[in-house]
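Small disclaimer: the values here were computed from a predicted structure and weren't measured.
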Amino acid sequence: MNVTIPFKESIIPYLDDLDPVAAAIGAVNCIHIDDIQKTGYNTDHRGFRESVKPHLKKHHKKALILGTGGSSKAVNYALQELGISAMYVSRNTADGILTYAALDKAVLDECPLIINCTPVGMYPNVLEAPLIPYQYLSPHHFCYDLVYNPEETVFLQKAKAHGAKTMGGLSMLHAQAECAWEIWNNQEEED
């Protein structure tokens, strides 16, 4: 079965085993159930990595990850695999995490890759968008939204209006689903 927000982290105590990647990420979005045990996997990291990789440019060395849930952890893991450092952004103050209020031109200039890992803007709340200073976006930026319904969120529309390259989450959804299919059919997950 697949697991989605907001259960990707809270499902872990109910599983018998975790794939090493899911354990490293700290979130599960895919479960394989057989006669003996329930094993948790994370296919989000691979889905994100494979969908974003062809669109990255040399200057995409640092990213902002909007949100701190299970999806954001998978995205951070994928970014690490790609050699991209990242900072989390949240509504709540915590060590090592920026708040939306702390985002300014300097931060956005430093982080040309911005990934929305929150459900903000997802159907039925399609008129909402993460509260970032869109006026500081430029053609130098690449904004990726994990939301896939609608295909083009307000976040992406606002980013595109400032010249940023944009991408929605549908290709990530497809890529992670292919990984899940491999797991459910007892084929070895590839890294």
Side-chain angles (χ1 to χ4, degrees), residues 1-56 60 63-90 92 94 96-97 113-125 130 142 144-151 153 155-156 167-191:
M1 73 174 77
N2 269 351
V3 178
T4 191
I5 55 173
F7 305 110
K8 293 180 180 186
E9 296 167 290
S10 61
I11 190 69
I12 292 174
Y14 300 97
L15 303 174
D16 300 309
D17 195 17
L18 283 181
D19 171 76
V21 172
I25 292 171
V28 165
N29 73 311
C30 177
I31 300 172
H32 181 268
I33 302 172
D34 64 22
D35 294 336
I36 300 169
Q37 65 182 15
K38 300 175 294 293
T39 304
Y41 295 84
N42 190 298
T43 62
D44 280 341
H45 82 283
R46 191 166 142 204
F48 174 75
R49 183 188 69 212
E50 297 310 311
S51 66
V52 75
K53 191 175 179 180
H55 303 280
L56 295 174
H60 294 134
L64 289 176
I65 299 173
L66 309 182
T68 57
S71 295
S72 67
K73 291 176 180 180
V75 165
N76 190 38
Y77 188 90
L79 291 173
Q80 289 175 20
E81 291 178 316
L82 294 167
I84 299 170
S85 64
M87 294 188 292
Y88 287 106
V89 181
S90 177
N92 305 312
I97 297 176
L113 179 58
I114 303 170
I115 305 108
N116 179 32
C117 298
T118 74
V120 175
M122 183 168 49
Y123 181 84
N125 302 314
F142 178 24
Y144 189 114
D145 200 335
L146 268 58
V147 170
Y148 54 86
N149 183 15
E151 271 190 63
T153 60
F155 168 68
L156 296 179
M167 185 172 181
L170 193 57
S171 61
M172 177 184 165
L173 175 71
H174 291 162
Q176 70 80 26
E178 288 176 12
C179 297
W181 183 257
E182 292 170 9
I183 292 166
W184 295 330
N185 288 284
N186 295 318
Q187 297 174 12
E188 193 65 33
E189 182 185 22
E190 298 174 16
D191 251 350

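- The heavy-atom pair separating L79 from A86 by the smallest distance is CD1-CB, 3.8 Å.
- When every heavy atom of I97 is checked against every heavy atom of T68, the shortest pair comes out as CD1-CG2, 3.9 Å.
- Residues forming a salt bridge (charged side-chain N to carboxylate O under 4.0 Å, His left out) with D16 (at least two apart in sequence, or on another chain): K38.
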For F7 and V28, what are the C-alpha separation, side-chain angles and deciding distance, and is it a side chain to side chain contact (heavy atoms under 4.5 Å, CB included)?
-> CA-CA 8 Å; F7 305 110; V28 165; over 6 Å; no
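- Residues C30 and T43 come closest through the heavy atom pair CB-CG2, 4.2 Å.
- If you look at Y77 and F48, their ring centroids are not closer than 6.0 Å.
- Minimum interatomic distance between P119 and I5 (heavy atoms only, all atoms of both residues): CB-CD1, 3.6 Å.
- At least one side-chain heavy atom of M172 sits less than 4.5 Å from a side-chain heavy atom of L146.
- Not a single salt bridge (charged side-chain N to carboxylate O under 4.0 Å, His left out) links E151 to another residue, sequence neighbours left out.
- In this structure, NE2 in H45 is found 8.5 Å from CD in E50, a value given to the nearest 0.5 Å.
- Taking CG from L156 and OG1 from T153, the interatomic distance works out to 3.5 Å, rounded to the nearest 0.5 Å.
- The shortest distance between side-chain heavy atoms of M167 and D145 does not fall below 4.5 Å.
- Looking at N125, its side chain never comes within 3.5 Å of a backbone N or O of G121 through a donor-acceptor pair.
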Could you go step by step and tell me if H60 and V52 meet the side chain to side chain contact (heavy atoms under 4.5 Å, CB included) rule?
-> CA-CA 11 Å; H60 294 134; V52 75; over 6 Å; no
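- Applying side chain to side chain contact (heavy atoms under 4.5 Å, CB included) to P130 and the options L64, N116, V89, I114 leaves one that passes, N116.
- Between Q176 and N29 there is a side-chain heavy-atom pair separated by less than 4.5 Å.
- The shortest side-chain heavy-atom distance between L113 and L56 falls under the 4.5 Å cut-off.
- We find that E81 and R46 are not joined by a salt bridge, their nearest charged nitrogen and carboxylate oxygen being 4.0 Å or further apart.
- Distance check: I115 CD1 to F142 CZ gives 8.5 Å after rounding to the nearest 0.5 Å.
- Separation of the H32 and Y41 ring centroids does not fall under the 6.0 Å cut-off.
- Across all non-hydrogen atoms, the minimal contact from A22 to G40 is CB-O, 3.7 Å.
- Not counting sequence neighbours, the partners of K8 by the side chain to side chain donor-acceptor pair (under 3.5 Å) test are D44, S71.
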Please lay out, stage by stage, how S171 and Y144 fare under the test side chain to side chain contact (heavy atoms under 4.5 Å, CB included).
-> CA-CA 11 Å; S171 61; Y144 189 114; 4.2 Å; yes
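- A distance of 9.0 Å separates OG1 in T4 from CG in L173, rounded to the nearest 0.5 Å.
- The existence of a salt bridge linking K73 and E9 is confirmed by a sub-4.0 Å separation between a basic side-chain nitrogen and an acidic carboxylate oxygen.
- Panel note: side chain N42, backbone A27; a donor-acceptor pair is recorded below 3.5 Å.
- Side chain of N149 to backbone of Y123: no donor-acceptor contact under 3.5 angstrom is found.
- The minimum heavy-atom distance between H55 and S51, with the atom names listed, is CD2-O, 3.2 Å.
- Under a 3.5 Å cut-off, the side chain of W184 and the backbone N or O of I33 do not form any donor-acceptor pair.
- Here the side chains of I11 and I31 are in contact, with some heavy-atom distance below 4.5 Å.
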